[in-house]
Amino acid sequence: MDEKLREEIGLPDRRGTDCEKWDGLAGLFDREDLLPLWVADMDFKVPACVREALHRAVDHGAFGYYVIPDRYYESILGWEQRRHGTQLQREWIRNAPSVVTGLFHLLQALTEPGDAVLIQTPVYMPFYRIIGDTGRRGVYAPLQEKAGVYTIDLAEFERKIVEENVKAFILCSPHNPVGRVWTQEELEGMLDCCQRHGVQVFADEIHHDLIQPGHCHISAASLWKGAGRPVTLFSASKTFNLAGMKNAILVLPEAEQRARFDRFEQSLGTGEGSTLDYIAVAAAFQGGDAWLDAVLAEVSANYQMMKKALSRFPELTVSPLEGTYLLWIDLGKRVDRGRLHDFMEQDCRIAPDYGHWFYPEGEKGDTHIRLNLAAPQETIRQAAEQLTAALEALH
């Protein structure tokens, strides 16, 4: 990585800044002396263009009512075209405080209470809560795993849709936590099935900018044929480390989808987001390309470093990292499930996300961990040393 860019994205110590990742350790892990590789935010500064735009707004000193400017929408359209070759239209775009909130509102606006909603397990844990809290019914189509690589059983996928009368499918693309970037063939298989059976697709593509070399993200909506296109959700939050800015983008390409969503939003009486949210997002999408390229290079180097360190333990299964910055590792053939938490927190002194968090309530036997690689190489090197030393000490 260019040394100037490395210096630009480098972060000081985040302790004591009310940072959930570091200062929230005691609340979740009951101790503060762990290396936090859990919650999915980055230990990198946001791009200089974002900081400069925010400084200008603060220095101006007025924060009255705000009209979302054209440059906000233009920055989104330009980014998607430039980075992904995806052509969106301004009138399709709606905003939400987060992708999770957006999904919560979309399910209420476009489905009915009691409707069956399909998700593929293991998957991002808030999906379970969203389905339950909206009064919908969760249907699970487990991904198939072989040597750490997860694939889709299309026959089982369709069987669940037919037998459970599924009305909506939440697609996680790229998939969190298993790190897959779905191929065109895989996406077409799922989407064709949904189209045949009248299933509304909600495509959570929040990690779509975080793709490893040799892989290419394809938007689900771009492959759909005819009416009833998928609703797409993404955000600058994962791409540019802006989760605290509370801004997500919802793309509703069908007029009926937009009308129903707008009516629901109106019924809530919610207003637009914060002035600073829109300023930060527009600046990131307009000028953050070089910053993101540098971060992706750092994540790729961290992945190779961790994979090499763990290669000394062939009984472990490290899933290939195709997308996201979250590494999915199965320790089950080395660490007993009953000791997994103690092993990670006491022996390794690392705070990970645990695999069983990504399954439905009641499935507690999983032996995976998810490690956040969006940190300086020094941090990941320390994590690799602590993890491998603890693994060696087991025998």
Side-chain angles (χ1 to χ4, degrees), residues 68 72-74 76-77 79-81 84 86-120 124 126-127 130-131 133-139 161 164-173 182 187-188 190-206 208 217-237 246-273 278 281:
I68 304 175
Y72 169 76
Y73 294 100
E74 290 165 358
I76 297 167
L77 301 179
W79 179 267
E80 290 301 299
Q81 175 64 50
H84 302 288
T86 303
Q87 289 192 329
L88 306 180
Q89 296 182 26
R90 173 173 171 163
E91 60 266 28
W92 297 353
I93 296 174
R94 298 294 185 270
N95 303 296
S98 69
V99 163
V100 169
T101 304
L103 278 170
F104 191 91
H105 290 185
L106 284 164
L107 279 182
Q108 293 182 89
L110 302 184
T111 68
E112 299 297 330
D115 280 354
V117 180
L118 181 72
I119 52 178
Q120 297 167 302
Y124 181 51
F127 287 2
I130 292 165
I131 293 169
D133 287 351
T134 56
R136 277 61 178 170
R137 179 169 59 89
V139 174
I161 286 175
E164 300 288 347
N165 192 25
V166 167
K167 299 298 184 182
F169 167 45
I170 303 177
L171 168 66
C172 194
S173 177
W182 303 120
L187 287 168
E188 287 176 339
M190 291 184 285
L191 295 172
D192 289 348
C193 181
C194 288
Q195 192 159 21
R196 282 197 304 274
H197 298 288
V199 176
Q200 173 65 61
V201 178
F202 301 109
D204 173 3
E205 300 185 3
I206 194 170
H208 76 312
H217 171 78
I218 302 171
S219 172
S222 71
L223 299 177
W224 193 267
K225 303 173 182 70
R229 285 169 288 183
V231 175
T232 305
L233 304 94
F234 61 94
S235 173
S237 64
K246 300 301 179 187
N247 177 283
I249 296 145
L250 283 55
V251 182
L252 295 91
E254 304 285 349
E256 177 61 19
Q257 294 168 345
R258 297 192 297 275
R260 292 175 64 181
F261 180 80
D262 291 344
R263 283 196 299 271
F264 176 78
E265 291 291 290
Q266 212 169 23
S267 74
L268 296 179
T270 55
E272 297 292 350
Y278 294 112
V281 170

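W182 approaches C172 most closely through the heavy-atom pair NE1-O, 3.0 Å. The two atoms that bring L191 and A220 nearest to each other are CD1-O, 3.4 Å, heavy atoms only. In this structure, I218 and E205 approach most closely via the heavy-atom pair O-OE2, 4.5 Å. When all heavy atoms are compared, the tightest approach of C194 to F169 is SG-CD2, 3.7 Å. For the residue pair L250 and A96, the shortest heavy atom distance occurs at CD1-CB, 3.7 Å. Closest non-hydrogen pair, G102 versus L233, comes out as C-CD2, 3.9 Å.
Residues I130 and L107 have side chains in contact (heavy-atom distance under 4.5 Å, counting atoms from C-beta outward). Considering only heavy atoms from C-beta on, L103 comes within 4.5 Å of F127 through its side chain. With a 4.5 Å cut-off on side-chain heavy atoms, V231 and Q200 count as touching. In this structure the side chain of M190 never reaches within 4.5 angstrom of the side chain of V201, judged on heavy atoms. Side-chain contact between F234 and I76 is present, with at least one heavy-atom pair separated by less than 4.5 Å. In this structure the side chain of S173 reaches within 4.5 angstrom of the side chain of L187, judged on heavy atoms. Within the 4.5 Å cutoff, side-chain heavy atoms of Q120 are placed close to those of L171. Put simply, the side chain of S219 does not reach to within 4.5 Å of the side chain of H208, judged on heavy atoms.
Qualifying salt bridge (Lys or Arg N to Asp or Glu O under 4.0 Å) partners for E254, counting only residues two or more places apart in sequence or in other chains: R229. With sequence neighbours excluded, no residue satisfies salt bridge (Lys or Arg N to Asp or Glu O under 4.0 Å) with R258.
The line from CG of L88 to CD of E80 is 5.5 Å long, rounded to the nearest 0.5 Å. To the nearest 0.5 Å, the span separating CH2 on W79 from CD1 on I249 amounts to 11.0 Å. A distance of 11.5 Å separates CG in D204 from CD1 in I119, rounded to the nearest 0.5 Å. Going from atom CG of L106 over to atom OG1 of T111 covers 9.0 Å, rounded to the nearest 0.5 Å. Q108 CD to R260 CZ: the interatomic distance, rounded to the nearest 0.5 Å, is 12.5 Å. Rounding to the nearest 0.5 angstrom, the gap separating the CD1 atom in I131 from the CZ atom in R136 is 10.5 Å.
Under the 30°/60° scheme for interplanar angles, the aromatic rings of Y278 and Y72 are found to stand perpendicular.
For Q87, the CD atom sits in a loose shell: 12 or fewer heavy atoms of surrounding residues, nucleotides or ligands are nearer than 6.0 Å.
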side-chain contact (heavy atoms from CB on, under 4.5 Å) between L77 and I93: does it pass, once the steps are laid out? CA-CA 10 Å; L77 301 179; I93 296 174; 3.9 Å; yes
Take D262 and R94 through the side-chain contact (heavy atoms from CB on, under 4.5 Å) test and state the conclusion after the steps. CA-CA 9 Å; D262 291 344; R94 298 294 185 270; 2.8 Å; yes
I'd like to know whether I170 forms a side-chain contact (heavy atoms from CB on, under 4.5 Å) with V117, so could you lay out the CA-CA distance, the side-chain angles of the two residues, the decisive distance to 0.1 Å, and finally the verdict. CA-CA 7 Å; I170 303 177; V117 180; 3.9 Å; yes
Would K167 and E112 count as a side-chain contact (heavy atoms from CB on, under 4.5 Å) here? Give the steps. CA-CA 9 Å; K167 299 298 184 182; E112 299 297 330; over 6 Å; no
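Listed for the T232 side chain is no donor-acceptor partner under 3.5 Å among the backbone atoms of F202.
A salt bridge links R137 to E164: at least one charged side-chain nitrogen sits closer than 4.0 Å to a carboxylate oxygen.
When ring centroids are compared, F261 and F264 stay outside the 6.0 Å threshold.
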